[in-house]
Number of protein chains: 2
Amino acid sequence: MCRSSSRSPSRTGGRPRSAAADAAILEATRAALVELGWSKLTMGDVAGRAGVAKTTLYRRWAGKNELVVDAVAVLFDELELPDRGSLLADIEGVVVQFAALLERPETKTALMAVIAESTRDEPLRERIRTSIVERQKRLVLAGRQRAQARGELPDSPASATGTDDLIFDVIAGAVVHRALVSAEPVDAEWVRRFTALLLGGLAAAAQA
Amino acid sequence: MCRSSSRSPSRTGGRPRSAAADAAILEATRAALVELGWSKLTMGDVAGRAGVAKTTLYRRWAGKNELVVDAVAVLFDELELPDRGSLLADIEGVVVQFAALLERPETKTALMAVIAESTRDEPLRERIRTSIVERQKRLVLAGRQRAQARGELPDSPASATGTDDLIFDVIAGAVVHRALVSAEPVDAEWVRRFTALLLGGLAAAAQA
DNA sequence: GCCTTTCGCTACGAGTCGTAGCGTAACCCC
DNA sequence: GGGGTTACGCTACGACTCGTAGCGAAAGGC
């Protein structure tokens with residue numbers, strides 16, 4: 001529930017910020033991303049769509065970068081990991097979900113843009129990490145633990161430190177690269193092949 | 001040797017474009033990317049650095065997107081695939097090279113940005129594909145053929161259609177995600193683990 | 001030597017940025 | 001219910017970038 005900017009010091013009396021305005025602004029931002037894309041999205045346009053003054057936006061967000069991160073972050077909350085009975089099915093399920101999210105025009109145009117900006121903006125990178133990346137990574141952690149409970153993976157893999165991070169980078173990286181760089185569809189056939197490749201690698205690592 | 005914009009129709013007499021200006025502009029663009037990053041790079045600034053008029057830039061490139069793609073494309077020519085004796089060593093070598101390229105501030109800030117732009121600009125996507133993506137993909141093709149010659153991979157893998165594409169998305173995607181999204185170092189330990197994972201998956205696929 | 005094209009330069013309207021200042025509105029606390 | 005405090009809408013502003021137009025001059029092909 002992190003609010004826009006850091007709002008901790010001495011929250012005494014005074015008019016509280018409108019929660020409705022927050023929702024309207026974020027919704028307007030997503031709409032603007034769909035219609036205009038990242039590069040043509042302007043703060044003034046978002047303010048107009050949301051029915052608020054431009055100054056209100058700047059009171060809550062430092063700029064376009066932070067606003068867009070918050071606007072798309074909620075979309076990543078939709079990602080879930082239902083138990084499909086096997087590690088293979090679980091991986092396929094999360095890959096399909098993630099691919100569907102990347103197909104949406106809001107995320108498609110915004111995700112790479114904010115990551116590009118974050119390469120020169122450490123606070124922004126941290127915001128992306130906590131708002132977007134960590135939420136995805138939890139799915140990997142949950143999937144691994146579930147697979148271990150099923151006995152599909154060894155309980156204490158040798159040198160497990162960073163293994164979750166590796167799996168996460170492979171899954172998320174491959175899907176993003178397929179969808180946005182290669183710009184080819186993440187269809188059932190691709191998902192099947194990718195999952196088979198990853199699962200084969202995990203099995204080989206478990207034997208060693 | 002594709003020149004900036006499409007220059008095919010009726011190239012009769014007249015003053016030819018300065019090749020030196022082209023080189024100076026692309027060099028200035030890379031320098032500006034290092035110092036300013038993608039978002040603060042302006043066409044006027046690049047023109048000033050290159051010692052040419054701003055109008056000269058617009059005569060050759062449609063805008064910032066196309067200019068930056070051309071400026072960073074040449075960096076991807078440095079990628080090579082020397083024979084290191086085994087598929088494992090070859091993969092590790094290309095991963096290290098690619099990671100080193102992504103560590104450079106020019107590519108780090110530019111690559112994600114132009115990909116983000118390309119999601120809403122089909123001609124730009126095509127330019128990226130031919131100038132950057134295909135050059136990387138060739139390394140995967142060469143590595144696979146070399147491994148087949150060594151006998152490390154079956155000569156005619158079942159349903160090989162799109163396998164190179166899959167491997168490419170996995171390798172490039174994982175490295176990019178590690179370096180730019182997770183923003184953690186692609187060190188020797190990570191490369192070793194990733195390569196082992198990928199190689200295990202390939203071996204499992206070969207057995208099936 | 002003529003023709004064609006590029007070049008540097010200047011200037012321009014349009015658009016965006018981020019902020020300042022003001023009067024008003026909404027809420028908390030006493 | 002009155003103060004005090006903060007958020008809000010609105011307007012206006014300087015600074016900056018964009019992409020283009022117009023000009024005279026320069027550099028090559030034929």
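Just so we're on the same page: letters track the sequence lines, and every chain starts at 1. Below, all heavy atoms of this structure are taken into account, side chains as well, without hydrogens, waters or symmetry copies.
Listed candidates were D/dC10, C/dC27, D/dC18. Nearest to the side chain of A/Ala53 is D/dC10.
When each of A/Lys40 and A/Thr55 is assigned the nucleotide of DNA chain C with its nearest heavy atom, A/Lys40 is the one assigned upstream, toward the 5' end.
A salt bridge is defined here as a Lys NZ or Arg NE, NH1 or NH2 lying under 4.0 Å from an Asp or Glu carboxylate O, and B/Asp77 with B/Arg135 meets this definition. Taking 4.0 Å as the cut-off between side-chain N and carboxylate O, B/Arg144 and B/Glu152 do not count as a salt-bridged pair. Between A/Arg138 and A/Glu80 there is no salt bridge, since no side-chain nitrogen of the basic residue lies less than 4.0 Å from a carboxylate oxygen of the acidic one. For the pair B/Arg127 and B/Glu66, the salt-bridge criterion is not met [side-chain N within less than 4.0 Å of a carboxylate O].
Taking only side-chain nitrogens and oxygens, A/Arg15 never comes nearer than 4.0 Å to OP1 or OP2 of D/dT5. One finds a side-chain N or O of B/Thr56 lying less than 4.0 angstrom from the OP1 or OP2 phosphate oxygen of C/dG8.
Side-chain N/O atoms of B/Arg17 and base N/O atoms of D/dG28 include no donor-acceptor pair closer than 3.5 Å.
The separation between B/Asp45 atom CG and D/dA15 atom P is 19 Å, rounded to whole Å. Between the OH atom of B/Tyr58 and the C1' atom of C/dT6 there is a distance of 18 Å, rounded to whole Å. If you take NZ of B/Lys54 and C1' of D/dT17, they are 7 Å apart, rounded to a whole angstrom. What separates CG of B/Leu57 from C1' of C/dC9 is a distance of 15 Å, to the nearest Å. When rounded to the nearest whole Å, the span between CZ of B/Arg60 and P of C/dT5 equals 16 Å. Rounded to whole Å, atom P of C/dC17 lies 13 Å from atom CD of A/Glu66. Summarising the geometry, the separation between CZ on B/Arg59 and P on D/dG19 is reported as 15 Å, rounded to the nearest angstrom. Atom CD1 of B/Ile25 is separated from atom C1' of C/dT6 by 12 Å (rounded to the nearest Å).
Figure legend: B/Lys64 and B/Trp38 shown as a cation-pi pair, the cationic atom lying under 6.0 angstrom from the six-membered ring centre and within 45 degrees of its axis.
Here B/Ser18 lies in heavy-atom contact (under 4.0 Å) with sugar-phosphate atoms only.
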